[in-house]
Amino acid sequence: MTSANKKIGVIFHSGMGHTSYQAKAVRDGAKRVAGVDTELIYVEDAREQLDELSSMDAMIFGCPTYMGSVSAPFKQFMDDTGAIWLAQGWRDKIAGGFTNSGNQSGDKLNTLVQLNVFAMQHGMIWAGLGLPGGNNASTGGVEELNRLGSWMGAMAQSNTDQGIEGIAESDLRTAACLGERIARITLGWQPPRNVE
Ligand SMILES: Cc1cc2nc3c(=O)[nH]c(=O)nc-3n(C[C@H](O)[C@H](O)[C@H](O)COP(=O)(O)O)c2cc1C
């Protein structure tokens with residue numbers, strides 16, 4: 001990594017692998033932007049590297065939707081950041097989120113809302129997906145970007161009886177758009193000076 005580059009961490013959980021493909025797509029989208037170094041961090045490792053995360057300029061949080069919520073390992077990570085939260089150590093860092101589930105809806109929005117509130121409690125600056133909804137007209141199709149129609153962050157749907165072949169290719173492209181957008185925002189972001 002080049003020290004002058006901005007640093008983005010893609011912190012994610014994936015129980016059975018599907019969300020890891022989405023996380024890699026987010027990472028690959030961010031890598032399209034020069035001047036940014038992007039690192040994939042499994043949430044199990046992130047819990048042991050909170051100091052390292054505090055050196056990031058941006059964090060993109062992702063997990064599968066389990067029981068209409070963030071998955072339990074990701075929630076454990078959220079709670080493990082309590083000391084940083086108390087000190088507001090991540091204030092003014094850029095944040096974004098993504099989630100994946102077995103159903104087209106699957107109550108995924110609730111997961112993105114939870115990721116958003118987590119980032120807001122840390123004083124972070126949330127960047128949404130920034131794409132129009134896709135596959136919402138007679139002329140549309142599942143190959144369109146943002147075909148699940150999300151604004152808070154990137155959504156993907158994975159067939160529960162398949163691996164990566166059960167994830168719509170457009171969902172992975174949508175995830176890459178989130179990564180690229182957050183990389184561009186991070187490059188241009190000037191955190192405000194503290195006004196204690
Ligand atoms: C405990 C559990 C709860 C789940 N809850 C939901 C749910 O609320 N909505 C949904 O659409 N799919 C649900 N699923 C399906 C997963 O979201 C889906 O299989 C997803 O692709 C798993 O991602 P992963 O392979 O990264 O773990 C659930 C799966 C498990 C194991």
Side-chain angles (χ1 to χ4, degrees), residues 8-31 38-50 53 56 58-81 95-119 126-129 131 133-136 140-182:
I8 300 180
V10 179
I11 299 135
F12 74 100
H13 170 244
S14 179
M16 296 165 286
H18 300 90
T19 312
S20 65
Y21 297 116
Q22 192 185 19
K24 286 173 187 161
V26 170
R27 186 265 321 267
D28 291 347
K31 278 181 174 288
T38 309
E39 192 180 343
L40 270 185
I41 307 170
Y42 288 88
V43 79
E44 294 84 352
D45 298 332
R47 294 171 53 196
E48 311 298 326
Q49 300 174 24
L50 293 176
L53 297 188
M56 300 278 175
M59 286 180 249
I60 311 176
F61 304 118
C63 65
T65 293
Y66 287 172
M67 312 310 291
S69 304
V70 296
S71 55
F74 200 92
K75 181 62 168 71
Q76 185 63 59
F77 161 74
M78 289 163 77
D79 292 358
D80 287 346
T81 67
F98 59 93
T99 189
N100 156 66
S101 79
N103 293 275
Q104 305 287 315
S105 164
D107 292 334
K108 277 192 280 282
L109 178 59
N110 189 53
T111 302
L112 291 180
V113 169
Q114 289 177 315
L115 296 176
N116 169 263
V117 170
F118 171 65
W126 186 264
L129 182 59
L131 290 174
N135 195 22
N136 58 10
V142 295
E143 72 285 355
E144 290 184 341
L145 281 175
N146 197 18
R147 57 125 189 174
L148 293 167
S150 175
W151 283 267
M152 182 82 79
M155 290 183 175
Q157 178 266 330
S158 304
N159 292 335
T160 54
D161 59 346
Q162 291 181 302
I164 189 170
E165 72 278 15
I167 306 174
E169 185 266 342
S170 55
D171 290 351
L172 299 178
R173 278 190 284 117
T174 300
C177 287
L178 179 75
E180 181 175 343
R181 175 171 159 87
I182 290 187

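Since the model is a prediction, treat every value here as computed from it, not as a measurement. Numbers here simply count residues along the sequence, with the first being 1. Remember, it's 1-based here, ligands and their atoms both numbered in the order they're listed.
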Could you list all the salt bridge (charged side-chain N to carboxylate O under 4.0 Å, His left out) pairs where at least one residue sits in residues 16-31, not counting sequence neighbours?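 Every candidate salt bridge (charged side-chain N to carboxylate O under 4.0 Å, His left out) pair involving residues 16-31 fails, so no pair, neighbours aside, qualifies.
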Salt bridge check, R147 against E143: does any charged N sit closer than 4.0 Å to a carboxylate O?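 Looking at R147 together with E143, the answer is no, because their closest N to O distance does not fall below 4.0 Å.
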Would you say T174 and N146 are linked by a side-chain donor-acceptor pair, where the criterion is simply a distance under 3.5 Å?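 Side-chain D/A pair, N146 to T174: absent.
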Between S101 and T65, a side-chain donor and acceptor under 3.5 Å: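 Absent: no donor and acceptor within the cut-off.
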Could you measure the distance from the CD atom of Q157 to the CG atom of D171? Nearest 0.5 Å is fine.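 That separation rounds to 7.0 Å.
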Centres of the F12 and F61 rings: under 6.0 Å?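 No, the ring of F12 stays outside the 6.0 Å limit from the ring of F61, centre to centre.
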Under 4.0 Å from ligand 1 - residues by heavy atom, chain and number: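 Lining ligand 1: S14, G15, M16, G17, H18, T19, P64, T65, Y66, M67, G68, N100, S101, G102, N103, G106, S158, T160.
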